[in-house]
Structures are given as C-alpha cells and as structure tokens.
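In this chain, residues are counted from 1 in sequence order.
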Amino acid sequence: MDKDKFTNIYRLPTAFQIRIGKWQQTFNGTSDIVLHHALEVRNQQFKKPTIFPAGWAVTLFEKDDISITHHGKYIQTAMRTMKDRKVSYKRVYLSRVPLEQAEPALIAFKLEWIQKHNRVAKKYNQIKKKAFLRFAIEELETIYPSIPKGEFDRNLWNKLVLSELGPEKKFDNPYFVKHACF
C-alpha cells in the first residue's frame with residue numbers, strides 16, 4: 001500500500017484534505033500530528049449512521065426505484081437475486097396475464113423483494129461498517145494506511161440471506177418472494 005494513500009484523505013502541498021461525498025475539510029500543515037487529527041475527524045464522519053464508505057455498503061432500494069419497462073409481448077423489471085446478488089430480470093408475458101393485472105402484480109412482487117432485500121442489506125451494511133471502522137481505528141493508532149479497497153462480500157451476503165430469510169429451496173424463485181403471485 002502506498003504510504004500516502006489513506007481512504008478519503010488527500011495530501012496537498014501544504015495541507016491534508018478529507019473528502020467524503022460532497023463534504024470536505026482541510027487541515028493546514030503536513031506533520032503526523034495534523035494527519036492524526038484529520039484521521040480522527042474522518043473517523044467521526046464515518047461513525048455517522050447515514051455515511052457509508054464507498055464499496056463497503058449495499059445500496060438500499062426505495063418504492064420510487066421501481067421501474068417497469070414495456071416490451072410489446074411482456075413487461076419486466078430489473079432486480080437482483082437474493083443469493084449472490086446477480087442482476088436479473090423478472091418478466092411477465094402479456095399472453096398469460098392481461099396488462100391491467102400484470103403491472104400491479106409485478107409492482108407487488110418488487111415491493112416484497114425490496115422489503116426483503118433491504119432487511120438483509122441493513123444487516124450487511126452494519127457488519128461491513130464495523131469492519132471498516134476497525135481498520136480506520138487501526139490507521140489512527142498506527143498512522144499507516146490499512147483500509148483495504150471495499151468490495152462486495154458474497155459469502156457474508158449469502159450467510160445473511162440464509163439467516164434472515166431461510167434456505168433457497170423454501171422459495172420457488174431466486175428473489176425469495178413468496179406472497180406476490182401472478
């Protein structure tokens with residue numbers, strides 16, 4: 001790891017600067033004492049419940065995020081599977097179900113999926129944030145970069161899905177939606 005590569009802290013010619021999203025703060029000086037203070041302030045920012053480090057969290061979905069596209073013979077919405085979070089599409093063919101019934105059913109399907117996804121994602125984000133903060137505290141104590149690049153932890157996600165929602169064979173679809181039907 002590069003000596004000067006602290007997560008969200010940038011070395012300027014005469015100062016250190018913290019940049020987290022749109023928030024930033026500059027600390028004049030280039031000594032280790034100034035760097036230590038910048039690390040303390042950065043860690044305080046990341047302890048806030050609404051701030052997540054890039055790559056260390058899964059985005060939660062909201063009702064407004066539902067988008068259904070019409071493709072002539074079918075309608076579909078993009079979703080992620082619960083196991084492994086792979087991008088997938090849920091389609092409803094209009095030859096089987098009329099559009100007046102298909103669209104509300106697809107919306108209900110996605111709403112149930114959003115609720116379950118967010119339940120798992122909140123736990124995942126809590127665990128990942130605690131791990132991130134442990135690395136951040138280590139950086140503060142050693143003044144040496146130790147936070148690895150944030151990546152999606154498939155094993156942790158799958159373990160949380162199993163503990164929160166149950167085994168995959170309990171459901172007849174990869175989205176773990178049970179109640180919304182077509």
Side-chain angles (χ1 to χ4, degrees), residues 7-8 19-23 42-137 146-182:
T7 303
N8 297 95
R19 293 183 219 147
I20 303 172
K22 293 180 181 182
W23 180 86
R42 180 206 58 190
N43 292 356
Q44 287 171 357
Q45 287 297 312
F46 277 121
K47 285 180 182 175
K48 293 180 179 177
T50 56
I51 296 180
F52 289 96
W56 286 78
V58 170
T59 305
L60 301 179
F61 289 94
E62 295 183 24
K63 183 180 174 185
D64 299 338
D65 295 334
I66 297 175
S67 141
I68 296 176
T69 55
H70 297 258
H71 296 276
K73 295 181 181 181
Y74 61 89
I75 60 173
Q76 76 178 15
T77 186
M79 302 171 73
R80 290 187 175 269
T81 60
M82 278 298 175
K83 188 172 181 229
D84 297 337
R85 283 192 88 238
K86 294 179 182 172
V87 174
S88 181
Y89 298 93
K90 177 65 178 168
R91 289 185 178 154
V92 178
Y93 288 91
L94 299 176
S95 60
R96 295 185 199 160
V97 182
L99 181 63
E100 303 80 45
Q101 293 174 349
E103 203 163 338
L106 192 56
I107 289 171
F109 188 90
K110 188 133 184 195
L111 284 172
E112 184 178 337
W113 174 83
I114 286 173
Q115 181 262 331
K116 290 181 177 188
H117 175 274
N118 287 351
R119 192 166 107 198
V120 175
K122 285 176 184 174
K123 291 236 172 166
Y124 177 88
N125 290 346
Q126 284 178 331
I127 291 168
K128 291 293 280 185
K129 191 165 188 176
K130 282 181 185 175
F132 176 86
L133 289 173
R134 280 193 297 271
F135 284 118
I137 291 167
S146 61
I147 298 176
K149 185 176 183 281
E151 295 178 350
F152 176 68
D153 186 345
R154 183 183 333 222
N155 293 330
L156 173 61
W157 177 268
N158 289 340
K159 188 175 109 182
L160 290 171
V161 166
L162 182 65
S163 71
E164 286 292 309
L165 305 176
E168 190 175 10
K169 58 186 161 194
K170 195 169 112 178
F171 300 92
D172 63 353
N173 59 64
Y175 313 107
F176 287 37
V177 174
K178 204 168 191 113
H179 302 294
C181 299
F182 297 99

Trainee: Cation-pi check, K73 to Y93: give yes when NZ or CZ is under 6.0 Å from the six-membered ring centre and within 45° of the ring axis, no otherwise.
Mentor: no

Trainee: So, the side chain of S88 versus the backbone of R80: is there a donor-acceptor pair under 3.5 Å, distance only?
Mentor: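 No; zero donor-acceptor contacts below 3.5 Å.
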
Trainee: Looking at I20 and Q45, what are the two nearest heavy atoms and their distance?
Mentor: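 Answer, listing the atom of I20 first, then Q45: CD1-CB, 3.7 Å.
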
Trainee: For a quick test of reading the model, state the closest non-hydrogen atom pair linking P104 to L99 and the distance between them.
Mentor: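 Looking at all heavy atoms of both residues, the closest pair is CD-O, 4.1 Å.
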
Trainee: Looking only at heavy atoms, what is the nearest atom pair of V58 and A121, with distance?
Mentor: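 Scanning both residues, the minimum pair turns out to be CG1-CB, 4.1 Å.
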
Trainee: Is any side-chain heavy atom of P53 closer than 4.5 Å to a side-chain heavy atom of T7?
Mentor: no

Trainee: Would you please test F52 and K128 for side-chain contact (heavy atoms from CB on, under 4.5 Å) and show each step?
Mentor: CA-CA 9 Å; F52 289 96; K128 291 293 280 185; over 6 Å; no

Trainee: Has R119 got a side-chain atom pairing as donor or acceptor with E164's backbone, closer than 3.5 angstrom?
Mentor: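 Judged by distance alone, yes, a pair lies under 3.5 Å.
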
Trainee: Is the shortest heavy-atom distance from the side chain of Y74 to the side chain of V92 under 4.5 Å?
Mentor: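 No, their side chains stay 4.5 Å or more apart.
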
Trainee: Are any non-hydrogen side-chain atoms of V161 and K83 less than 4.5 angstrom apart?
Mentor: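 Answer no - side chains too far apart.
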
Trainee: Please answer whether the main-chain N or O of N155 pairs with a side-chain N or O of N158 as donor and acceptor at a distance below 3.5 Å.
Mentor: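 No, N158 side chain to N155 backbone: no donor-acceptor pair under 3.5 Å.
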
Trainee: With a 4.5 Å cut-off on side-chain heavy atoms, are L111 and K63 touching?
Mentor: yes

Trainee: Contact between Q76 and K90 at the side-chain level, heavy atoms closer than 4.5 Å - yes or no?
Mentor: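 In short, these two side chains do not touch, never coming nearer than 4.5 Å.
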
Trainee: Taking all heavy atoms of W56 and all of G150, pick out the closest pair and write down the distance.
Mentor: NE1-CA, 3.1 Å

Trainee: Looking only at heavy atoms, what is the nearest atom pair of N8 and R19, with distance?
Mentor: ND2-O, 2.8 Å

Trainee: What do the steps show when you test I66 against I114 for side-chain contact (heavy atoms from CB on, under 4.5 Å), and what is the final call?
Mentor: CA-CA 9 Å; I66 297 175; I114 286 173; 3.8 Å; yes

Trainee: Would you say E112's side chain and K178's backbone share a donor-acceptor pair under 3.5 angstrom?
Mentor: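 Looks like yes, one N/O pair under 3.5 Å.
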
Trainee: A side-chain contact here means heavy atoms from C-beta on lying under 4.5 Å apart; do T69 and I75 qualify?
Mentor: no

Trainee: Tell me if the centroids of the rings in F46 and F135 come within less than 6.0 Å of each other.
Mentor: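 No, the ring of F46 stays outside the 6.0 Å limit from the ring of F135, centre to centre.
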
Trainee: Taking atom CZ of R134 and atom NZ of K129, what is their separation to the nearest 0.5 Å?
Mentor: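 Here the rounded value is 13.5 Å.
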
Trainee: Could you tell me whether the side chain of H117 reaches within less than 4.5 Å of the side chain of M79, counting heavy atoms only?
Mentor: no

Trainee: To the nearest 0.5 Å, what is the distance between NE2 (H71) and CG (L94)?
Mentor: 10.5 Å

Trainee: Check A102 against V97 and note the closest heavy-atom contact, atom names and distance.
Mentor: N-CG1, 3.7 Å

Trainee: Is it the case that the ring center of Y175 lies less than 6.0 angstrom away from the ring center of W113?
Mentor: no

Trainee: For E103 and I68, run side-chain contact (heavy atoms from CB on, under 4.5 Å): C-alpha distance rounded to whole Å, both residues' side-chain angles, the deciding distance at 0.1 Å, then the answer.
Mentor: CA-CA 8 Å; E103 203 163 338; I68 296 176; 4.0 Å; yes

Trainee: Apply side-chain contact (heavy atoms from CB on, under 4.5 Å) to the pair F152 and Y124, showing each step before the final yes or no.
Mentor: CA-CA 10 Å; F152 176 68; Y124 177 88; 3.4 Å; yes

Trainee: Determine whether the side chains of K110 and T77 contain a donor N or O and an acceptor N or O closer than 3.5 Å.
Mentor: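 T77 and K110 do have a side-chain donor-acceptor pair below 3.5 Å.
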
Trainee: Donor-acceptor check, side chain of N118 to backbone of L60, threshold 3.5 angstrom: yes or no?
Mentor: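 Judged by distance alone, no pair lies under 3.5 Å.
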
Trainee: Below 4.5 Å, heavy atoms only, C-beta onward: do V177 and K116 meet side chain to side chain?
Mentor: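 No, their side chains stay 4.5 Å or more apart.
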
